[in-house]
Amino acid sequence: MAGNADGFYDVQQPDVQPERNLRGLFTADEDGRFWFRSIVPRYYPIPDDGPVGALLAATARHPYRPAHMHFIVAAKGYRPVTTHLFVAGDPYIESDAVFGVKDTLVREFPLVDDPARAAEVGLPNPFQAVHFDVTLNSDGS
Ligand SMILES: [Fe+2]
């Protein structure tokens, strides 16, 4: 799940984005690999009205989250994990409003200039790509 290029989730723009926009359910292959096409997300502000806004103001903090994608990864026999993938170079990567960034979750999204690969994955050339491994722990069963 990710916000759109303007930094909004589908539920924040029900009259603009289709329901479940930029969300997906993927099944990995027998080697645990999966891939998908998406956009490179953009930073966005958390709602800063009400008590959250008061807390941010009292602590002199901005409301922005750095660009990220959410993941819930699960497999039979393993403990599920809920995590993020953050975009390296985001202007808020060092000051996430909700303190969710860990160095191990930050990835570069390098430009790929490969017309054959672009055609293979159905994207215009050049495009950006990212590799993100998720390791699950056994559930002990
Ligand atoms: Fe988010």
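Atoms within a ligand are numbered from 1 in the order they appear, just like the ligands themselves.
Salt bridge annotation for Asp96-Arg65: present, with a cationic side-chain nitrogen under 4.0 angstrom from a carboxylate oxygen.
Other residues, nucleotides and ligands contribute more than 12 heavy atoms inside 6.0 Å of the CG atom of Asp113. Summarising the local packing, OH of Tyr78 is surrounded by 12 or fewer heavy atoms from other residues, nucleotides or ligands at distances under 6.0 Å.
Distances shorter than 2.8 Å separate the Fe ion (ligand 1) from the protein N/O/S atoms Tyr9 OH, Tyr44 OH, His68 NE2, His70 NE2.
Two residues are said to be in side-chain contact when any heavy atoms from C-beta on lie closer than 4.5 Å; Asp6 and Gln17 fail this criterion.
Formation of a donor-acceptor pair under 3.5 Å by the Asp90 side chain with backbone atoms of Ala67 is found in this model. Between the side chain of Arg107 and the main chain of Thr104, a donor-acceptor pair closer than 3.5 Å is present.
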